[in-house]
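Every chain is numbered from 1, with letters handed out A, B, ... down the list of sequences.
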Amino acid sequence: MGRIFALVDCNNFYASCERVFNPALERRPIVVLSNNDGCVIARSNEAKALGISMGAPFFKVRRIVERHDVAVFSSNYALYGDMSRRVMAVLAGLVPRLEVYSIDEAFLDLRGLGAQELSELGRHIRRTVRQWTGIPVSVGIAPSKTLAKAANALAKRDLLRQGVCDLCDPQAREAALAHLAVEEIWGIGARSGERLRARGIATARQLRDSDPAAMRRHFGLVMERIIWELRGVSCLALTDIRPPRQQIITSRSFGVRVTSYRDLAEAISHFASRAAEKLRSQGDNAQALQVFVRTSPFNTGEPFYQNAATLLLPMPTQDTSLLIRHALLGLRQIYRRGYRYQKAGIMLLDLVPALGAQATLFAAGERETAKSQALMHAMDEINRRMGSGALRFAAEGTRQRWQGTAARCSPAYTTRWEDLPLVRA
DNA sequence: TCTGGGGTCCTAGGACCC
DNA sequence: TCTGGGGTCCTAGGACCC
């Protein structure tokens, strides 16, 4: 039996989250900014209509923002993460199988739901999520994931479809794919888009009708798979069990340029500590790590420098102090005086499950490991209860001058008692 | 002055082996 | 002067995603 996928995608997710708790924002243009209030990472429809583009540096759109009274927010991941969990919980209650694909998207398996009318089911999903969470979503339905993505794009674009688009019928697909630019297809970015156009392929329909074998030779396996998926042959299954991450990255742009080794070392220690937390919550040990630093890659009239150091750890570990120590060894290798650093970070690599980890050959080492595990566990527990960063390593510093500002952050409405909205009757 | 963060997968090419 | 062929493994970099 053929498959039927639905892709449920939250509309302008971060902007919509801000609106849920602040109804005065209804119909007002909204943008949400990245770390350091650096660039635009989410826009409401009204902000899109003003010509504010995705990823635009904030200082370049400031004029538009002021002229049109755009509401501006620093990103509030405590809020967005919690709202995401709520949306996914509602979806999980509506269908037996789903894959949470990103913070604002999920693929659903619609087979065997006895739905006469898939569009009606889509509208039901949409109504329910809206009513129970306040978040508007669009629903695309089709026999492959790539087509479900395409259907979703059309559901958003075409107001007549009222947020739901069903492309299961091959007839319906003809016109739809002819109106979809090749860059709008899932998996085709600017690079491939350009190369496809050079070969005279500009729409999803033209790509679908191209020769899979020849396209594989020119573009690789991924392109061939896209073509089959556009033809309605499902090549990408629903993966409802998420495999553990293979690498963990913690990195930041700095609020101000950093020049001293000392400040850089503080930042790197802080990143190592955060990465170690993620590592432990995943139940893994790391066997290697990489530290990287760089100056600003943009035209600043100053010399560009970037470098990275990769180190093998003496044993697989999830111990923060060991990770900090080795991260700093790496930093010493790549730090050069005289540069104004803009960004740095750490990657944990070669992750392996911590359970049943190879014990060290030495009994003393084993005792050390047990001690360190108890310490890390206690630390995580305290930080969970008292708030992240309540207990931290001295190496992370107290001034943290490199930290950026998030001046326009909304309250953590759903995850912090003091920030709960008040309702007056 | 001010330009995000965190991931995955695929491929090509080099090292190495027999 | 002539200088194999094929396999595996690893890594760096590209492309893409949200």
Task: Ring geometry between A:Tyr80 and A:Tyr14 (parallel below 30°, tilted from 30 to 60°, perpendicular above 60°) - done: parallel
Task: Spacing between A:Arg245 atom CZ and B:dC9 atom P, to the nearest angstrom - done: 13 Å
Task: Distance below 4.0 Å between A:Ser251 side-chain N/O and B:dG4 OP1 or OP2 - done: no
Task: Qualifying residue for salt bridge (charged side-chain N to carboxylate O under 4.0 Å, His left out) with A:Asp109, from A:Lys145, A:Arg3, A:Arg97 - done: A:Arg97
Task: Of the listed nucleotides B:dG4, C:dC18, B:dG7, the one nearest the side chain of A:Lys278 - done: B:dG7
TODO: Calculate the interatomic distance between A:Phe298 atom CZ and B:dT1 atom P; express it in whole Å.
DONE: 15 Å
Task: Check: A:Ser281 and A:Glu277 side chains under 4.5 Å, non-hydrogen atoms - done: no
Task: All side-chain hydrogen bond (donor to acceptor under 3.5 Å, both in side chains) counterparts of A:Arg231, not counting sequence neighbours - done: none
TODO: Assign A:Gln247 to base, sugar-phosphate, or nothing according to its heavy-atom contacts below 4.0 angstrom with the strands shown.
DONE: base
Task: A:Thr203 side-chain N/O to A:Ala178 backbone N/O, donor-acceptor pair under 3.5 Å - done: no
Task: Parallel, tilted or perpendicular: rings of A:Tyr305 and A:Tyr341 (30°, 60°) - done: perpendicular
Open item on the list: Need one value for A:Ile248: base, sugar-phosphate or nothing, where a base atom within 4.0 Å counts as base even if backbone is also close, heavy atoms only.
Closed with: sugar-phosphate
TODO: For DNA chain C, produce a single dot-bracket line, 5' to 3'. Pairs: Watson-Crick or G-U wobble, both distances under 3.5 Å. Symbols: ( ) within strand, [ ] crossing, | other strand, . unpaired.
DONE: ....||||||||||||||
Open item on the list: For a quick test of reading the model: is some side-chain N or O of A:Ser192 closer than 4.0 Å to OP1 or OP2 of C:dC16?
Closed with: yes
TODO: Remember a base hit wins even if backbone is also touched, and classify A:Leu349 as base, sugar-phosphate or nothing at under 4.0 Å, heavy atoms.
DONE: nothing
Task: A:Met223 CE - C:dC16 P separation (whole Å) - done: 8 Å
Open item on the list: Taking only the P atom of each, what is the distance from B:dT3 to C:dC18 in whole angstrom?
Closed with: 25 Å
- [ ] Check the distance between B:dG7's C1' and A:Ile346's CD1 and give it to me in whole angstrom.
- [x] 16 Å
Open item on the list: Whole angstroms only, please: what is the CG-P distance between A:Asn36 and B:dG5?
Closed with: 7 Å
Open item on the list: Nearest whole Å is fine: how far is B:dC9 P from A:Arg225 CZ?
Closed with: 10 Å
Task: Proximal nucleotide (of C:dC18, B:dG4, B:dC2) relative to the A:Ser253 side chain - done: B:dG4
Open item on the list: For a quick test of reading the model: is some side-chain N or O of A:Lys149 closer than 4.0 Å to OP1 or OP2 of C:dC18?
Closed with: yes
- [ ] Quick one: label A:Asp104 by what it contacts on the DNA or RNA (base, sugar-phosphate, nothing), any heavy atom closer than 4.0 Å.
- [x] sugar-phosphate
Open item on the list: Between A:Trp186 and A:Phe5 (judged by ring centroids, cut-off 6.0 Å), do the two rings come close enough to count as a pair?
Closed with: no
- [ ] Tell me what A:Phe58 touches on the nucleic acid: a base, only sugar-phosphate, or nothing, going by heavy atoms under 4.0 Å.
- [x] nothing
Task: Side chain of A:Arg252 (C-beta onward), nearest among B:dT3, B:dG5, C:dC17 - done: B:dG5
Open item on the list: Considering every strand and a 4.0 Å limit on heavy-atom distances, what is the contact class for A:Ser75: base, sugar-phosphate, or nothing?
Closed with: nothing
- [ ] Identify whether any heavy atom of A:Arg195 sits under 4.0 Å from a base atom; if not, whether one sits that close to sugar-phosphate; answer base, sugar-phosphate or nothing.
- [x] nothing
Task: A:Glu184/A:Lys156 salt bridge by N-O under 4.0 Å criterion - done: no
- [ ] Determine, for A:Phe219 and A:Arg195, whether the Lys NZ or Arg CZ falls below 6.0 Å from the six-membered ring centre while staying within 45 degrees of the axis.
- [x] yes
Open item on the list: Measure CG/A:Leu221 against P/C:dG14 and give the value in whole Å, please.
Closed with: 20 Å
Open item on the list: With a 4.0 Å limit, can you tell me whether A:Gln342 has a side-chain N or O closer than that to the phosphate oxygens OP1/OP2 of B:dT1?
Closed with: no
Task: Closest nucleotide among B:dG5, B:dT3, B:dC10 to the A:Val222 side chain - done: B:dC10
- [ ] Would you classify A:Ile188 as touching base, sugar-phosphate or nothing, given that sugar-phosphate means primed atoms plus P, OP1 and OP2, and contacts are heavy atoms under 4.0 Å?
- [x] sugar-phosphate
Task: A:Arg257 vs B:dT1: side-chain N/O to OP1/OP2 distance below 4.0 Å - done: no
Task: Between C1' of B:dC10 and CG of A:Leu236, the distance in whole Å - done: 14 Å
